Amino acid sequence: MKKFLAFALSIGLGVMIILALNSNEFFPSMGEADLSERISNSFLNRSVLGSAQDVIFGETEVTEGGPANMITAIVADYRSFDTLGEITVLFVSSLGVALLLGATKQKRLDLNFKPNFMLKVGSRALFAIILMTGIYVTIHGHLTPGGGFPGGTMIASSILLLYLADDTFRTQVKGFKILESVAGSLYIVIGLIGLFAADYFLVNFIDNGIVGTLFSAGIIPIVYVLIGLKVRSEISGVIDNFLTEEETV
Amino acid sequence: MLINIVEIVISVLLVGLAFLALSGKSMIRSVMFLSLLSMLSVISFVLMQAPDVAVTEAVIGSGLVTSLFVFTILAKKKAGAKE
Amino acid sequence: MLQYAAIFMMMIGLYGILTNKNVIKIIISLNILEIGLNIFIISVGYVKDGIAPILTGATPAGSIFVDPLPQALVLTAIVIGVGTTALGLSLAKKMYQKYGTYNLDEMGEQ
């Protein structure tokens, strides 16, 4: 009886979405979206506040929406408040994992395999390559696809590689906790400086350079580096909590 | 023409793998099918011209979520081997 | 064609949450639901013959771009999905330490 009700419910959800898809009020058919009647048109032309100029790579000096990557401009400049909410959600989930699985004295989980000596030494070379890639993707977030979130996760997965290849490795958890809180508070401090120096909370108060160079786009690279540090510390803490157990002496 | 064939093949594979991931009794097989599903969704993000989302999903889906699942299931085998 | 596959994946994920007895399979079905949802949201903003919304030195003037607003929303949603999965798995580990099984029926009898 329960299975039949669940089946009917999921079929009802599917029928509802397909009916809304086929009527032309909510969704146009795939690929035929007309961008001139959506709000994304003013995001693409950098004219949200009313300025009208042609944006050419390497030449124009824009007054708003500095970076060449438009998704970075939306995530960290136009809709920066949503990014603040996402950082809060990550912080609360990392706090929950540490509360559930943490203990005062901990030792490494004792599994049934012993890694080889060559694996322990050879994985250090791979760790350096992944670290360099992660730092490059984080810093060039406003010119190439990427940014703070994938860059921070790449650095955290290099630490996961060290955990898997070595039997007695543990990161310094205390240093990462202090780094994470400092990075999170600096983000809010930058927003408050924007409130007092200019008009709104989290406004871009350094002026944008020419589109396409490394030192353009105001405070957005600084914000992305802070987000990358915070994401990396949180995910390292989660991995460390999953692989240790309480020391029963 | 080539894009259409790739699109149809990926759609069929997505639905088939989602079916296979939920049936069966072994837990570790479902985790492997979930990891394959993540990689296929990265290909469909690239087909729809979204490089930012593709990079984020590739790093998270392959490295983090699969290893978290495996670390949870490993405790069952360890307790089973001791007793 | 991709839109119908994404809707089908959402239906399979919802059915899996409602009728599974193993705790880990419930979390796997939640992940399948989220993957289907992300593909559907990005497919709403796709324009035919559009290019990715990044300005480089090689884009011709006056080219058509793809809609960038759904991609920014999906970027947030992927990271939140990771946080939810991590918290759910740590709860499952604690349940295994207390009851000794991953099956919901056997847990209710003790």
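Just so it is clear, the structure is predicted and the values come from calculations on it, not from any experiment. Sequence lines set the chain letters: A, B, ... in the order given, protein chains first and strands last, and positions in each chain run from 1.
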Would you mind reporting whether A/Leu90 and A/Val231 have side-chain heavy atoms less than 4.5 Å apart? yes
Tell me, yes or no, whether the heavy-atom count around A/Tyr187 atom OH, taken from other residues, nucleotides or ligands under 6.0 Å, exceeds 12. yes
Top contributor to chain A interface from C/Lys94, C/Gln71, C/Gln3 [non-hydrogen pairs under 4.5 Å]: C/Gln3
Region of A/Leu21 in contact with chain C, defined by heavy-atom distances below 4.5 Å: side chain
Tell me, yes or no, whether the heavy-atom count around A/Phe176 atom CZ, taken from other residues, nucleotides or ligands under 6.0 Å, exceeds 12. yes
So which of C/Leu73, C/Thr76, C/Ile78, C/Thr19 has the biggest tally of heavy-atom pairs under 4.5 Å with chain A? C/Thr76
Would you find a donor on one side and an acceptor on the other, under 3.5 Å apart, between the side chain of A/Ser80 and the backbone of A/Asp77? no
Can you tell me which portion of A/Leu100 sits under 4.5 Å from chain C's heavy atoms? Options are side chain, backbone, both or neither. both
At a heavy-atom separation under 4.5 Å, does C/Leu87 approach chain A through its side chain, its backbone, both, or neither? both
Can a donor-acceptor pair be found, under 3.5 Å and without considering hydrogens, that links the side chain of A/Thr72 to the backbone of A/Gly141? yes
Checking C/Phe8 against chain A: side chain, backbone, both or neither under 4.5 Å from a heavy atom? neither
Quick check against the 3.5 Å criterion: does A/Thr83 have a side-chain atom that pairs as donor or acceptor with the backbone of A/Val75? yes
Could you look at A/Val97 and say if it's the side chain, the backbone, both or neither that has a heavy atom under 4.5 Å from chain C? both
Say whether, by atom type as modelled, one donor and one acceptor occur between the side chain of A/Thr144 and the main chain of A/His140 under 3.5 angstrom. yes
Chain C contact via A/Pro145 - side chain, backbone, both or neither, heavy atoms under 4.5 Å: both
Quick check on C/Leu91 against chain A: is it the side chain, the backbone, both or neither that has a heavy atom closer than 4.5 Å? both
Please answer whether the main-chain N or O of C/Gly16 pairs with a side-chain N or O of C/Asn20 as donor and acceptor at a distance below 3.5 Å. yes
Which atoms of A/Phe7 approach chain C - backbone, side chain, both or neither, heavy atom under 4.5 Å: both
In terms of heavy-atom proximity below 4.5 Å to chain A, should C/Ile17 be classed as side chain, backbone, both, or neither? neither
Pick from A/Thr153, A/Ile18, A/Val238 with the largest number of heavy-atom pairs that fall under 4.5 Å of chain C: A/Ile18
